[in-house]
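For reference, the structure discussed in these notes is given below.
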Amino acid sequence: MNAGKVTPSTLGRFAVQARGALTVFARFERSLYATDESGRIVCVVACDLGDGALHARLPGALPDLPDTIELAAAPIWTPPLLPAWCDDDLAAGLTRATTMRPAKRPGVWDSAFAAGLAALNRWAGGAGSLDACRDLIGLGPGLTPSGDDALGGAAIALRAFGHAARADALGAFIREHAPGRTSDISLAHLNAAADGEGSAAFHDALRDLVTDGDFASLDRIGASSGWDAMDGAVAVLSSNASR
């Protein structure tokens, strides 16, 4: 079967690394996931879903594509840097994010999720081990489980706010322990987060932390993934790791 040519408007830094024909293995209303022969995963998305590390963002709606596709060259999207900020800006933003966080849907994993966030907070403040965060990996339902979203959000936030050593440590932890403990799709997003990159919508929410924003972009990231990721960001930025 001939591969369908896909011409994105932009490609994320991880999507652009895919080589040759890609095999589609998951389809959704406005996105699909495909993998190259080496196992690298790309998410082809409709324009309104925005840019992201794994995204091949189309100029319009998602067409009916064949099971094998090829990506045309496109400009590479990278997350923007945060604007200038001070400690008071961040402290106010963290309080605002905590207050505005919608109530979580009750689940049997809630206590484990809360325990994992507390462990992340202690570790980021220098009072605990990342080993205590291991149960977050693969925790919860969904395409990207809540625990994975929190770890990814924490890793991206640490990198964005200049905590390079902590970001490196959390990234190494993710790469070592996540394989085999979560889905291939979630693992691909975690690996991008380990390098400090997520969706444009989440990077917009990190900017909202220091610009008095309303975090509306988080509602566009899955059913709860955006806010779960912000939970992880708040956990590590609220600790003594914050500058």
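Keep in mind that what you see is a predicted model, and the values were worked out from it rather than measured.
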Given 3.5 Å as the limit, does a donor-acceptor pair link the side chain of [X] with the main chain of [Y], or not?
{"X": "D36", "Y": "G20", "answer": "no"}
{"X": "T182", "Y": "A178", "answer": "no"}
{"X": "H55", "Y": "G50", "answer": "yes"}
{"X": "S239", "Y": "V236", "answer": "yes"}
{"X": "R27", "Y": "L65", "answer": "yes"}
{"X": "D89", "Y": "C86", "answer": "yes"}

Taking [X] first and then [Y], would you say they form a salt bridge - that is, a charged N and a carboxylate O separated by under 4.0 Å?
{"X": "D148", "Y": "R181", "value": "no"}
{"X": "D195", "Y": "R159", "value": "no"}
{"X": "R101", "Y": "D231", "value": "yes"}
{"X": "D51", "Y": "R57", "value": "yes"}

Decide whether [X] and [Y] meet the rule of one side-chain donor and one side-chain acceptor closer than 3.5 Å.
{"X": "S217", "Y": "D204", "result": "no"}
{"X": "T35", "Y": "T23", "result": "no"}
{"X": "D149", "Y": "W227", "result": "no"}

- Do you know the tightest heavy-atom contact between N121 and A235? ND2-O, 2.7 Å
Any side-chain heavy-atom pair of [X] and [Y] under 4.5 Å:
{"X": "L58", "Y": "C47", "result": "no"}
{"X": "F14", "Y": "V42", "result": "no"}
{"X": "T68", "Y": "V24", "result": "no"}
{"X": "Y33", "Y": "D184", "result": "no"}

- Task: Check whether NZ of the Lys or CZ of the Arg R207 lies under 6.0 Å from the centre of the six-membered ring of W85 and within 45 degrees of that ring's axis.
- Result: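 No cation-pi geometry.
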